[in-house]
Protein chains: 2
Amino acid sequence: MADPAKRPSAAHTAYAVTKELILSGELPGGSLISEGEIAERVRVSRTPVREAFLRLESEELLALHPKRGAVVVPVPPGEAADVLELRLALERSAAERIARIGLRGDHHERMRELLRRQRALAEAADIGRFADADEAFHRCIVEASGNRLAGRFYATLGDRQRRMSITALRPRPERLSLLADEHEALLRHLLDGDSAAFASALLGHLTATHGSPYAAGRDDR
Amino acid sequence: MADPAKRPSAAHTAYAVTKELILSGELPGGSLISEGEIAERVRVSRTPVREAFLRLESEELLALHPKRGAVVVPVPPGEAADVLELRLALERSAAERIARIGLRGDHHERMRELLRRQRALAEAADIGRFADADEAFHRCIVEASGNRLAGRFYATLGDRQRRMSITALRPRPERLSLLADEHEALLRHLLDGDSAAFASALLGHLTATHGSPYAAGRDDR
DNA sequence: AGTCATAGATACAAGCTTGTATCTATGGGG
DNA sequence: CCCCATAGATACAAGCTTGTATCTATGACT
């Protein structure tokens with residue numbers, strides 16, 4: 001089959017497919033899988049699957065048990081709060097910098113476009129794609145700050161976030177419009193340079209969607 | 001060794017020990033265990049352990065995989081919110097009934113005693129025992145309503161609650177005093193017959209400790 | 001005291017998986 | 001076009017577990 005640049009290796013395909021199964025929730029935490037099972041699914045031999053498993057183990061998505069199988073590592077119950085707290089920190093920090101340096105036109109345009117897209121997806125009740133546009137909107141906020149490091153770090157939260165949003169975000173389609181409204185409000189605060197209002201609205205927004213990041217164990221309470 | 005009434009069977013011992021390991025978090029969700037491993041730990045043969053595993057499977061604490069082992073079923077990420085919502089519902093309902101019928105003296109005494117106990121444990125920084133006294137306090141609220149069914153149902157949330165509170169409640173010892181303060185406030189509202197204030201305070205209390213029950217997927221938002 | 005039933009110990013067979021070694025196919029470089 | 005290296009396929013051995021059958025010990029009842 002025709003493939004651009006270089007055909008991905010069997011090991012990489014096995015890795016990508018398995019990772020997607022985990023992140024999408026099709027293989028939930030606690031599942032017990034095997035090299036043979038994935039090999040059959042991806043239609044390769046066990047050798048590249050073995051390599052993929054090792055990689056996923058290093059990413060703490062799989063726990064390998066010799067001669068017994070691999071367990072999909074569950075999302076630790078407390079991690080939802082940890083990820084949320086980091087998201088809050090990164091986005092607030094981004095809003096403060098944007099208040100200082102302004103919001104570049106292309107970023108503004110991009111957010112507008114994402115908001116329009118969200119409206120359309122809310123109307124179509126497309127929860128999956130809405131979640132993608134939701135995530136892209138928040139990521140754009142962090143990237144708009146110009147802090148490349150923050151942008152990169154934020155992206156690594158994406159995988160962990162996906163595993164939680166699959167179960168946390170079980171919205172009725174009507175809620176999608178509310179979420180789009182809240183995104184509008186966030187953009188307005190950015191444009192006003194009001195990072196305090198942004199922080200407050202963001203906290204409400206994330207709390208309603210994902211629960212409170214200020215759960216037990218936090219030091220700032 | 002001397003034992004009262006009847007010595008518990010090996011199967012029951014294996015069951016109780018394994019369940020405690022799971023609820024306490026020593027065997028977290030995603031752990032892969034075996035009959036032999038537990039048999040060695042409890043010092044019995046595999047036969048009673050096998051029976052215990054079947055029981056734990058029916059309670060959805062273990063997932064058995066023939067010839068491979070048993071996986072400790074992880075706490076589903078969304079379940080924290082579900083359990084919290086039920087707790088809220090039961091405790092608010094109890095507060096409303098108590099507002100109507102009053103708080104019996106013995107229940108009042110019991111709660112006072114538990115609060116004193118919590119103060120002492122906060123001072124001793126005994127997080128484990130504090131959590132027990134915390135749980136007993138909330139359970140007493142539900143039992144004080146006189147609704148035996150609610151009391152029984154609330155107790156079944158106990159197991160699920162424990163698996164979450166181990167990770168959610170990672171408090172610094174200082175926070176224990178704050179929790180005791182909040183329990184004082186809850187009792188005061190009960191005594192005042194102010195179920196609305198009780199509901200509001202309870203929401204704040206549980207949200208701070210366990211995160212918001214009104215996460216995505218709720219219908220009342 | 002004897003008998004019977006049941007819980008549990010134990011040993012061996014069988015299932016499921018990984019680990020390892022060998023072979024093959026393919027692509028790149030000379 | 002040939003050779004070499006590497007990715008991957010495949011087959012068999014080995015590890016870990018459960019499933020099953022048999023035996024034993026203990027307690028209860030007669």
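Naming: A, B, ... by sequence-line order, numbering from 1 per chain.
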Q: Assign A:Thr47 to base, sugar-phosphate, or nothing according to its heavy-atom contacts below 4.0 angstrom with the strands shown.
A: base
Q. With no hydrogens and no angle check, do the side chains of B:His138 and B:Glu91 hold a donor and an acceptor under 3.5 Å apart?
A. yes
Q: Could you work out which one of C:dT18, D:dG8, C:dG8 sits closest to the side chain of B:Ser9?
A: C:dG8
(Q) Check whether A:Ser93 reaches the backbone of A:Leu90 with its side chain - one donor and one acceptor, N or O, closer than 3.5 Å. (A) no
**Q.** Side-chain ion pair, B:Arg110 and B:Glu143, N-O less than 4.0 Å
**A.** no
**Q.** Distance, rounded to the nearest Å, where A:Leu54 contributes CG and C:dT18 contributes P
**A.** 11 Å
Q) To the side chain of A:Arg50, which of C:dA11, C:dT18, D:dG8 is closest? A) C:dT18
**Q.** Nucleotide D:dA13, atom C1' - distance to CZ of A:Arg46 in whole Å
**A.** 12 Å
Q) For DNA chain C, whose closest nucleotide is more 5', that of B:Glu51 or that of A:Glu35? A) B:Glu51
Q: Would you please confirm or rule out a distance under 4.0 Å between OP1 or OP2 of D:dT17 and any side-chain N or O of A:Arg68?
A: yes
Q: Nearest whole angstrom, please: distance from the P of C:dT18 to the CD of A:Glu57.
A: 12 Å
Q.
Both A:Pro66 and A:His12 contact DNA chain D. Taking the nearest nucleotide for each, which residue is further toward the 5' end?
A. A:His12
(Q) Does atom CD (A:Glu57) have a neighbourhood of more than 12 heavy atoms from anything else shown, all under 6.0 Å? (A) yes
Q | B:Gln118 side-chain N/O to B:Ala133 backbone N/O, donor-acceptor pair under 3.5 Å | A | yes
(Q) Nearest to the A:Ala10 side chain among D:dT18, C:dT17, D:dG8, which nucleotide is it? (A) D:dG8
Q) Within this structure, what is the CG-to-P distance between A:Leu32 and C:dG15, rounded to whole angstrom? A) 18 Å
Q. CZ of B:Phe53 versus C1' of D:dT17: gap in Å, rounded?
A. 11 Å
Q.
Rounded to whole Å, how long is the line connecting atom CD1 of A:Ile38 with atom P of C:dT17?
A. 11 Å
Q) Rounding to a whole Å, what distance do you find between A:Lys67:NZ and C:dA14:P? A) 20 Å
Q | Atom pair distance, as rounded to whole Å: CD in B:Glu40 and P in D:dT17 | A | 10 Å
